[in-house]
Amino acid sequence: MDVFMKCVGLAVVGAILTLVTRKYGGEFALLASISVVVAITMLALAFLKPVITFVSDLQTTAMVSSSVLTPVMKTLAIGFLSDTAKNLCDDAGEKTIGSTLQTAGAIASVYVMLPLMRSVLKLVEGLI
């Protein structure tokens, strides 16, 4: 919770900084926004260690194959990254680029999930 409160504080300070710098030039506001996003992302990475540990424990305890969990984790990462990048593009006034990036992220997610979907299809074919 402490790390999250730091993220909230950074976000509020970053929003104020962006508002103030936007008056003097949009480039500085965008730079401030990107800097805050990077800082918050670095702080938020602390939350990933327990998640990765849990996924590893789940994999060994439940004997779940990495071919099942890896695509799920990759899809989550693609979703987070494409959403963050889309929002940055929107802040820069490039909504079309952001929307296209979000579509590319959705397509990449489906691509990453193909091995898992193939496994499910084989399982269903075996039941029929």
Side-chain angles (χ1 to χ4, degrees):
M1 188 69 172
D2 186 41
V3 173
F4 180 71
M5 294 309 291
K6 288 178 184 178
C7 291
V8 169
L10 261 172
V12 170
V13 170
I16 293 168
L17 181 64
T18 302
L19 278 173
V20 170
T21 55
R22 188 167 285 139
K23 293 178 185 177
Y24 301 107
E27 300 85 17
F28 293 115
L30 182 61
L31 185 60
S33 178
I34 291 171
S35 299
V36 170
V37 167
V38 168
I40 290 173
T41 302
M42 296 304 285
L43 280 172
L45 288 177
F47 291 120
L48 279 181
K49 185 177 180 187
V51 172
I52 292 170
T53 302
F54 171 77
V55 169
S56 177
D57 291 346
L58 177 68
Q59 193 172 359
T60 55
T61 304
M63 291 188 280
V64 176
S65 171
S66 64
S67 65
V68 172
L69 293 176
T70 301
V72 173
M73 297 303 287
K74 284 181 180 180
T75 301
L76 286 172
I78 290 168
F80 291 140
L81 290 172
S82 63
D83 188 53
T84 301
K86 180 218 180 281
N87 290 335
L88 284 172
C89 289
D90 288 349
D91 285 349
E94 298 296 334
K95 291 185 185 282
T96 305
I97 294 173
S99 295
T100 304
L101 177 65
Q102 198 168 31
T103 302
I107 293 168
S109 293
V110 171
Y111 174 76
V112 167
M113 291 296 285
L114 277 177
L116 181 59
M117 290 188 283
R118 283 189 185 113
S119 297
V120 170
L121 181 62
K122 285 182 183 177
L123 180 67
V124 170
E125 286 175 343
L127 293 174
I128 295 177

* In terms of hydrophobic clusters joined by side-chain contacts under 4.5 Å, are Leu88 and Met42 together? -> yes
* Is the number of heavy atoms from other residues, nucleotides or ligands within 6.0 Å of CZ (Phe47) greater than 12? -> yes
List the atom pairs, with distances to 0.1 Å, where a side-chain N or O of residues 117-128 and a protein N or O form a donor-acceptor pair under 3.5 Å, not counting sequence neighbours.
| unit_1 | atom_1 | unit_2 | atom_2 | d |
| --- | --- | --- | --- | --- |
| Ser119 | OG | Pro115 | O | 3.1 |

* Could you state whether Val13 and Val8 fall into the same hydrophobic cluster, counting links through intermediate Ile, Leu, Val, Met, Phe, Trp or Tyr residues with side-chain heavy atoms under 4.5 angstrom apart? => no
Expected list for residues 69-79: side-chain donor-acceptor pairs under 3.5 angstrom, two or more places apart:
| unit_1 | atom_1 | unit_2 | atom_2 | d |
| --- | --- | --- | --- | --- |
| Thr70 | OG1 | Ser66 | O | 2.8 |
| Thr75 | OG1 | Pro71 | O | 2.7 |

* To do: Kindly work out whether a path of hydrophobic side-chain contacts (I/L/V/M/F/W/Y, heavy atoms less than 4.5 Å apart) joins Met113 to Tyr111.
  => yes
With a cut-off of 3.5 Å and sequence neighbours excluded, list every side-chain donor-acceptor pair involving residues 98-107.
| unit_1 | atom_1 | unit_2 | atom_2 | d |
| --- | --- | --- | --- | --- |
| Ser99 | OG | Lys95 | O | 3.1 |
| Thr100 | OG1 | Thr96 | O | 2.8 |
| Thr103 | OG1 | Ser99 | O | 3.1 |

* Asked: Would a hydrophobic clustering, with Ile, Leu, Val, Met, Phe, Trp and Tyr connected at side-chain separations under 4.5 Å, put Val68 with Val110?
  -> yes
Using residues 51-65 as the side-chain source, report each donor-acceptor pair under 3.5 Å to any protein atom, sequence neighbours left out, with the distance given to one decimal.
| unit_1 | atom_1 | unit_2 | atom_2 | d |
| --- | --- | --- | --- | --- |
| Thr53 | OG1 | Lys49 | O | 2.9 |
| Thr60 | OG1 | Ser56 | O | 3.3 |
| Thr60 | OG1 | Asp57 | O | 3.1 |
| Thr61 | OG1 | Asp57 | O | 2.9 |
| Ser65 | OG | Ser67 | N | 3.1 |
| Ser65 | OG | Ser67 | OG | 2.8 |

* Quick one: OG on Ser33 to CG on Asp91, what's the gap to the nearest 0.5 Å? -> 4.5 Å
* Should Leu114 and Leu116 be regarded as members of a common hydrophobic cluster, given that ILVMFWY residues are connected when their side-chain heavy atoms come within less than 4.5 Å of each other, either directly or indirectly? -> yes
* **Interatomic distance, Ser82 atom OG to Asn87 atom CG [nearest 0.5 angstrom]** => 9.5 Å
* **Which residues share a salt bridge (charged side-chain N to carboxylate O under 4.0 Å, His left out) with Asp83, sequence neighbours left out** => none
Would you give me the side-chain donor-acceptor pairs under 3.5 Å for residues 19-30, sequence neighbours excluded?
| unit_1 | atom_1 | unit_2 | atom_2 | d |
| --- | --- | --- | --- | --- |
| Thr21 | OG1 | Leu17 | O | 2.8 |
| Thr21 | OG1 | Thr18 | O | 3.3 |

